[in-house]
Amino acid sequence: MTKYIFVTGGVTSSLGKGIISASLAKLLQARGYRVTIQKFDPYINIDPGTLNPYEHGECYVTEDGAETDLDLGHYERFLNVPTSQANNITTGRIYQNVINKEREGAYLGKTVQVIPHITDEIKRNMCILGESGNYDIVITELGGTVGDIESLPYVEAVRQLRWELGQHNSLVIHLTLVPYLAAAGELKTKPTQHSVKLLLEYGVQPDILVCRTEHHLSADIRKKVALFCNVERNAVIESIDASTIYDVPLLMRKENLDGIVLKKLKLASKGEPDLESWKDFLGRLKNPTAEVKIGLVGKYVELPDAYKSINEAFIHAGAKNECKVRVKCIHSESITAENVKEKLAGLDGVLVAPGFGSRGIEGKIDAIKYIRENQIPFFGICLGMQCSVIEFGRNVLGLKDAHSTEMNPDTKNAVISMMEEQKKIKNKGGTMRLGSYACEIKKGTKAASIYGKTKIAERHRHRYEFNNAFLNQYEKAGLIASGINPENNLVEIVELKDHPYFVAVQFHPELKSTVDNPHPLFVNFVAAALAHSHKK
Ligand code: GLN
């Protein structure tokens, strides 16, 4: 029977429930259990695809094309197992399902209510992955903070499910904050006590408390928290601030979080977790022998979460190259033809980021022109690739008004244009070209040497594409399409012949980079940047 672990948060948001969940899952996986993590988000959007990155950080896309919360990225990066739509459910989706059923007549004669109909639908969704038979343990992360009005039906669903699942088949981990009051020189447990009291009011007794803290918890503090929150003393787990999120599984191991979980769920310990490859990665991450400086040109640079997967992919690729990657964010709106040299000074490579709409687009194009002409390693992703095509069109092919119809619907030289299948779509939510598609790489190209194979599949999130009417013209001038979708001839990868490293992709390789499997496009780009820095 599948066992269920629920992770709730208290006191404040942003305590890192996603990292704690992923770290615990890693430890259980390293002991030989099949584990998955799912996230329930209490907002009313059907998915985060329609949210601005400023609101919610990056939108993470799964193999099956679901637009999901960025925590799913952590789950995949830690576990190296793909997630799917079933791993991320929002209140919007729950209500949509219930309302659709109501219209179908599934509840004929009944008043449809939060309890039982919404909570039943939440419970049904919480058990879908567990019932697939693919997992021994399902970890469910509840978004938001206990006490939020919108989280209430989820906490109630957990209360009911625990009762239905029976003893030893589920447990609740509550993540709280133990703040340090500098003036008093003390760690304070009261917020944790209040947060647990609130959970108790809703009928949920947490089994394990994970306490975020800036200072070590003394034995006295642990005892106090245990006594006032009804948990065992060894179930008060310290989660001290770490220098990298990749340290957290080892910190949780030290606190024996996985051991306590297995004991409470009456599961065999299966011996010490095998964390050799994880430790090897950490060793390389923490002992770099070189350093490169990469510019990340985008328009959401104020918020680090907006480019989460890109930043993490650089960490994986840096460790692989035993090289510290310093990512310098550069606002594309601040770049002009006049200041580009100074803006990109000292960089060993530049990545032009994905994005939507016309804001900041000319800065990206100016940056690419400079990079192309000055032989600086370049990596373009999605809109970044489209910008490289526009730049080449304007400045090499002499198509002065070359543009994407996303920014200029009337351009005569629509080198990037809307995909045919997109033209009839009116709704904005979940209607882009999403998820994994096959790509065939041309032999003898840089892309082929990067991947070491010619058949790949990568994840997508876009509406516009390279306009194949221009392909001949581009290839004759030296920009070649080295990756093509075999079914519809969509250009997936472009590269420059006469440039040390100029590779741009229509898909999102950052979504598939994990600790165990750093993405070859990032690994090779960092290596190219390293070579460039040696040349300098
Ligand atoms: N806005 C572009 C498109 O829709 C690029 C999307 C992206 O960068 N994810 O095609």
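Remember, predicted model here, so these are calculated numbers, not experimental data. In each ligand, atom 1 is the first atom listed, and ligand 1 is the first ligand listed.
The salt bridge (charged side-chain N to carboxylate O under 4.0 Å, His left out) check on Lys453 picks up nothing, with sequence neighbours excluded.
The shortest heavy-atom contact between Leu351 and Ile381 is CD1-CD1, 4.0 Å. The heavy-atom pair separating Glu495 from Ser482 by the smallest distance is OE1-OG, 2.7 Å.
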Dump the pairs for me: ligand 1 N or O, protein N or O, distance under 3.5 Å, to 0.1 Å.
residue	atom	partner	partner atom	Å
ligand 1	1 (N)	Gly355	O	3.0
ligand 1	1 (N)	Glu406	OE1	2.7
ligand 1	1 (N)	Glu406	OE2	3.1
ligand 1	4 (O)	Arg463	N	3.0
ligand 1	8 (O)	Gly355	N	2.9
ligand 1	8 (O)	Gly355	O	3.3
ligand 1	8 (O)	Leu383	N	3.0
ligand 1	9 (N)	Arg461	O	2.9
ligand 1	9 (N)	His508	NE2	3.3
ligand 1	10 (O)	Gln386	NE2	3.0
ligand 1	10 (O)	Arg463	N	3.2
ligand 1	10 (O)	Tyr464	N	2.9

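Of the residues Glu465, Glu492, Glu420, the one that meets the salt bridge (charged side-chain N to carboxylate O under 4.0 Å, His left out) test with Arg433 is Glu492.
Using cut-offs of 30° and 60° for the angle between ring planes, the Tyr300 and Tyr307 rings count as tilted.
The main-chain N or O of Lys308 is never found under 3.5 Å from a side-chain atom of Asn311 such that the two would form a donor-acceptor pair.
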